[in-house]
Q: 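Submitted below is the structure of interest, expressed as structure tokens.
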Amino acid sequence: MARITASVYTSHVPAIGAAMDLGKTHEPYWQPVFAGYEFSRQWMKDNTPDVIVLVYNDHANAFSLELIPTFAIGTAAEYTPADEGWGPRPVPKVIGHPELASHIAQSVIQDDFDLTIVNKMDVDHGLTVPLSLMCGRAQAWPCPVIPLAVNVVLYPVPSGKRCWNLGRAIRKAVESYDAPLNVQVWGTGGMSHQLQGPRAGLINKAWDNRFLDRLIDEPATLAEVPHVEYVTEAGSEGIELVMWLIARGAMSDAPPRVRHRFYHVPASNTAVGHLILENT
Ligand code: DHB
Ligand code: FE
């Protein structure tokens, strides 16, 4: 049987990808950001899974106002980095895992979660920046990745509770897959940030750190937090954090082992948060 061994949580911003692609990671602005991922890159080498289920949001690159799936699972064999306006990032294409992805779709849809199935899409910074942070500059990503895209860009967005329960359904799906795969689930986006309007630049360190504490210790009650609180406290783009609850919901019920925790402000307009939790 397949099993989920660990979950990884990390913010994304396009500028992190650009800093890596343009060789700026040692500049004074970026050095403290990347220092927070040095442990993680070694951990990734030591704990390379067979597959990553990578929960992220698309930013109107694969999807658009014409088509807005709340939850979409990638069942394709591969995904190309998206052109977000400056040309595609010079990073490897993402190899999928159609068999496990189709199994998760089957199991989760039969469990009453209406996933959209995507057989062709490009993946934007929401997916490639977390891979870059965790894996560094690579010729190829270390394992197949199943993209799980969540709409947190156009309202209405899914609730934290719905995300948490989807994570639990994904756990059940993975644990019923008949092959001995080591699977990680990653939750990405966040932490506090707001990119537009009078509150542009908003950061809320206290709220972010309390979110990290609660994600570790009391995720089921954290899942009750309504989306309005994310927006009020963590800014309009802080709502990306609901995606972390999918990864956390996929973990076992026993308290996780906290392997790494990092928080830094700022990266571009965003507070960077990062956790590695292992199942015990
Ligand atoms: C930034 C953050 C995001 O989440 C995003 O999708 C785009 C930009 C930023 O802080 O620059
Ligand atoms: Fe974003």
Side-chain angles (χ1 to χ4, degrees), residues 8-22 24-25 27 29-30 32-34 36-37 54-65 68-72 79 81-89 91 94 121-134 145 147-158 160 163 186-205 207-208 211-212 227 230-247 262-275:
V8 171
Y9 308 81
T10 179
S11 307
H12 67 230
V13 298
I16 288 176
M20 287 184 66
D21 302 341
L22 301 172
K24 296 179 178 229
T25 56
E27 291 185 358
Y29 181 87
W30 288 111
V33 176
F34 290 100
Y37 290 83
L54 204 158
V55 182
Y56 76 107
N57 69 294
D58 177 73
H59 303 74
N61 289 301
F63 307 119
S64 71
L65 290 180
I68 306 147
T70 303
F71 297 112
Y79 308 88
D83 183 347
E84 302 184 47
W86 295 269
R89 288 192 61 210
V91 292
V94 174
M121 71 174 165
D122 291 347
V123 286
D124 75 6
H125 70 272
L127 186 132
T128 62
V129 163
L131 282 173
S132 292
L133 279 167
M134 292 299 292
V145 174
L148 190 99
V150 180
N151 169 43
V152 287
V153 167
L154 196 83
Y155 283 80
V157 297
C163 290
W186 292 13
T188 66
M191 299 199 82
S192 57
H193 62 304
Q194 170 146 346
L195 301 179
Q196 69 275 303
R199 297 201 310 161
L202 178 144
I203 298 285
N204 189 340
K205 287 186 189 175
W207 193 91
D208 284 342
F211 182 93
L212 294 172
H227 77 270
Y230 288 86
V231 176
T232 326
E233 296 293 333
S236 50
E237 278 67 41
I239 190 65
E240 289 178 342
L241 282 169
V242 289
M243 297 185 289
W244 294 32
L245 286 163
I246 298 178
F262 174 65
Y263 184 79
H264 175 81
V265 177
S268 187
N269 299 294
T270 302
V272 172
H274 174 38
L275 282 175

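Start at 1 and go down the list; that is how both ligands and their atoms are numbered.
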Q: Should Val129 and Tyr56 count as side-chain neighbours, where that means a heavy-atom distance under 4.5 Å?
A: no

Q: Less than 4.5 Å apart, any side-chain heavy atom of Leu212 and any of Tyr9?
A: no

Q: Please write down residue, atom name and distance for the protein heavy atom closest to atom 11 (O) of ligand 1.
A: Ser268 OG, 2.6 Å

Q: So, do Phe211 and Asp208 sit near enough that their side-chain heavy atoms are less than 4.5 Å apart?
A: no

Q: Would you say Val231 and Tyr155 make side-chain contact, with heavy atoms under 4.5 Å?
A: yes

Q: Is Glu237 touching ligand 1 with its side chain, its backbone, both, or neither, if touching means heavy atoms under 4.0 Å apart?
A: neither

Q: Give, for atom OG1 of Thr188 and atom CG of Leu148, the distance between the pair rounded to the nearest 0.5 Å.
A: 10.0 Å

Q: Quick test: of every protein heavy atom, which one is nearest to atom 10 (O) of ligand 1, and how far off is it to 0.1 Å?
A: Thr270 OG1, 2.6 Å

Q: Could you walk me through whether Met20 and Val91 pass side-chain contact (heavy atoms from CB on, under 4.5 Å), step by step?
A: CA-CA 10 Å; Met20 287 184 66; Val91 292; over 6 Å; no

Q: So, using side chain to side chain donor-acceptor pair (under 3.5 Å) as the criterion, who are the partners of Asp83 when residues are at least two apart?
A: none

Q: Using a 4.0 Å cut-off to any heavy atom of Asn269, which atoms of ligand 1 qualify?
A: 9 (C), 10 (O), 11 (O)

Q: Under a 3.5 Å threshold, yes or no: a donor from one side chain and an acceptor from the other, between His59 and Glu84?
A: no

Q: Show which atoms of ligand 1 fall inside a sub-4.0 Å distance from at least one heavy-atom site of His193.
A: 2 (C), 3 (C), 4 (O)

Q: Restricting to non-hydrogen atoms, name the atom on Phe63 and the atom on Ala72 that form the minimum distance, rounded to 0.1 Å.
A: CZ-CB, 4.0 Å

Q: Counting heavy atoms only, which part of Pro14 comes closer than 4.0 Å to ligand 1: side chain, backbone, both or neither?
A: side chain

Q: Please indicate how many protein N/O/S atoms are found closer than 2.8 Å to the Fe ion (ligand 2), with waters neither displayed nor included.
A: 3

Q: What is the nearest protein non-hydrogen atom to atom 5 (C) of ligand 1, stated with its residue, atom name and distance?
A: His125 NE2, 3.5 Å

